[in-house]
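To keep things clear, I will list the structure first and then write my remarks on it.
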Amino acid sequence: MPNTFIKIASVTVGSGGASSIDFTSIPSTYTDLQILISSRSSFSTGNAWAGLKIRFNSSTSGYTDRAVAANGSSAFSFSDTYGGSFGFIGDVTMGSNTANTFGNTSIYCPSYAGSQNKSYSSDSVQENNATLAQSDLVAGLLSNTSAITSINLTLNTGNFVQYSTATLYGIKNS
Amino acid sequence: MPTTYEPIATHTTSGTVSNYTFSSIPSTYTDVIMVIADLGSDTSYKINVNGDTGTNYSSTFVYGDGSSAASGRGSNVSAAPTVGRRPGNSILQFQNYANTTTYKTFISRGNASNHLVISTVSLWRSTAAINSITVTPETGSFGSGVTFTLYGVKSA
């Protein structure tokens with residue numbers, strides 16, 4: 001019986017935090033990838049949220065994204081958040097939000113090792129016991145046909161705090 | 001160790017087809033998940049279950065096109081509309097699909113980064129167990145290189 005959903009690697013941020021979370025040497029033997037993230041940014045100015053970004057294979061261009069978001073007050077949409085240099089994943093909790101609270105993110109990358117441009121889907125929630133908290137649904141694309149062999153996750157403000165986690169799973173269709 | 005998440009079937013098109021059907025879906029799972037990787041021209045999909053083309057479907061969706069967010073719905077229609085999106089990927093989840101007691105609901109995400117992102121919840125008003133799912137583009141056809149995969153998820 002096939003073993004379909006397999007953990008490839010997992011990262012837990014230690015004391016002192018981390019500026020990025022990286023997965024490298026990703027094998028090409030799966031069909032799709034899924035990344036599940038629990039994260040919080042160290043940035044603590046204002047009561048907003050921190051943006052979570054992705055790069056595949058250290059590519060610094062070719063990203064497009066489109067998002068629909070809601071914050072408890074309004075729903076809105078935006079695109080190409082980082083001008084093509086990163087892919088937008090969603091928004092997560094930051095230092096000025098409710099204590100002991102981490103954002104929750106799920107990223108799905110189908111056909112990551114194929115020969116077509118690489119699309120991804122992301123659902124992300126910030127959560128914050130306050131007036132505003134943001135959730136995002138994101139469609140992303142890297143216009144690059146290379147197989148994905150590495151993934152770099154960073155925040156647009158601050159660093160990942162201790163206890164942030166990210167796990168990379170491989171999914172096989174046969 | 002139990003095997004919880006299994007591939008049921010996968011297919012990659014080698015030419016143009018008007019739709020694609022997963023048939024003979026076993027009833028032995030709790031939920032099924034469909035993943036579509038399709039970089040064809042911009043459109044959404046519609047879903048028919050068990051070959052039913054009666055007006056037994058409805059959907060509610062929210063989407064963003066990069067400028068504005070909007071919502072809409074359709075009811076008493078002959079296929080579940082506005083499910084998924086291309087070019088990009090779509091993920092459809094059919095929970096409790098094999099029960100013979102309740103109407104069937106499914107949720108989907110459509111991701112077309114150059115056009116819009118959409119989330120849809122759909123209803124098929126039938127208590128029959130789902131044994132086939134047909135995906136049809138709202139406009140046009142499926143070209144070559146489109147991959148459809150169906151996974152089964154067991155709760156025990």
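Everything quoted here is computed from the prediction, not taken from an experiment. Naming convention: chains lettered A, B, ... in sequence-line order (proteins, then strands); numbering from 1 in each chain.
- Heavy-atom distances place the side chain of B/T149, and not its backbone, under 4.5 Å from chain A.
- Cluster annotation: B/I33 and B/I130 are assigned to distinct hydrophobic clusters (Ile/Leu/Val/Met/Phe/Trp/Tyr, side-chain heavy-atom contacts under 4.5 Å, transitive).
- At least one side-chain heavy atom of B/Y151 sits less than 4.5 Å from a side-chain heavy atom of A/D32.
- Transitive grouping of hydrophobic side chains (ILVMFWY, heavy atoms separated by less than 4.5 Å) keeps B/V83 and B/V35 in distinct clusters.
- Atom CZ of B/R109 is separated from atom OG of A/S122 by 7.5 Å, given to the nearest 0.5 angstrom.
- Taken from NZ in A/K172 to OG1 in B/T10, the straight-line distance is 14.0 Å, to the nearest 0.5 Å.
- Taking NZ from A/K118 and CG from B/L39, the interatomic distance works out to 9.0 Å, rounded to the nearest 0.5 Å.
- Most heavy-atom pairs under 4.5 Å with chain A, from the set B/A112, B/G145, B/G64, B/S113: that is B/S113.
- Residues A/F78 and A/L137 are members of separate hydrophobic clusters, defined by side-chain heavy-atom contacts under 4.5 angstrom among Ile, Leu, Val, Met, Phe, Trp and Tyr.
- Between A/Y108 and B/N111 there is no side-chain heavy-atom pair separated by less than 4.5 Å.
- For B/I91, the part lying near chain A is the side chain, with the backbone staying farther off; criterion is any non-hydrogen pair under 4.5 Å.
- Each of B/S71, B/G88, B/S68 has some count of heavy-atom pairs under 4.5 Å with chain A, and the biggest count is that of B/S68.
- Surrounding CG of B/N76 are more than 12 heavy atoms belonging to other residues, nucleotides or ligands, all under 6.0 Å away.
- The parts of A/N173 that come within reach of chain B are both its backbone and its side chain, each placing non-hydrogen atoms under 4.5 angstrom from that chain.
- Comparing A/S77, A/A139, A/C109 by heavy-atom pairs within less than 4.5 Å of chain B, the highest count is held by A/S77.
- Among B/A37, B/S67, B/P87, B/A9, the residue making the largest number of heavy-atom pairs under 4.5 Å with chain A is B/S67.
- Salt-bridge annotation for A/R66 and B/D65: absent, with no side-chain N of the basic residue lying under 4.0 Å from a carboxylate O of the acidic one.
- Looking at A/Y120, only its backbone comes within 4.5 Å of chain B, counting heavy atoms on both sides.
- Contacts with chain B were tallied for A/S79, A/P110, A/S121, A/G114; A/S121 has the most, counting heavy-atom pairs under 4.5 Å.
- In this structure, chain B has heavy atoms under 4.5 Å from both the backbone and the side chain of A/A75.
- In this structure the side chain of A/V138 never reaches within 4.5 angstrom of the side chain of B/V117, judged on heavy atoms.
- Ranked by heavy-atom pairs under 4.5 Å with chain B, the list A/V68, A/T64, A/T31 is led by A/V68.
- The OG atom of A/S119 sits 11.0 Å away from the CG atom of B/N114 when rounded to the nearest 0.5 Å.
- A single hydrophobic cluster is seen to contain both A/I6 and A/I151, as judged by linkage of ILVMFWY side chains at heavy-atom distances under 4.5 Å, directly or through other members.
- The environment of A/Y163 atom OH is sparse: at most 12 non-hydrogen atoms of other residues, nucleotides or ligands sit within 6.0 angstrom.
- The cluster map of Ile, Leu, Val, Met, Phe, Trp and Tyr, joined by side-chain heavy atoms under 4.5 Å apart, puts B/M34 and B/Y5 in different clusters.
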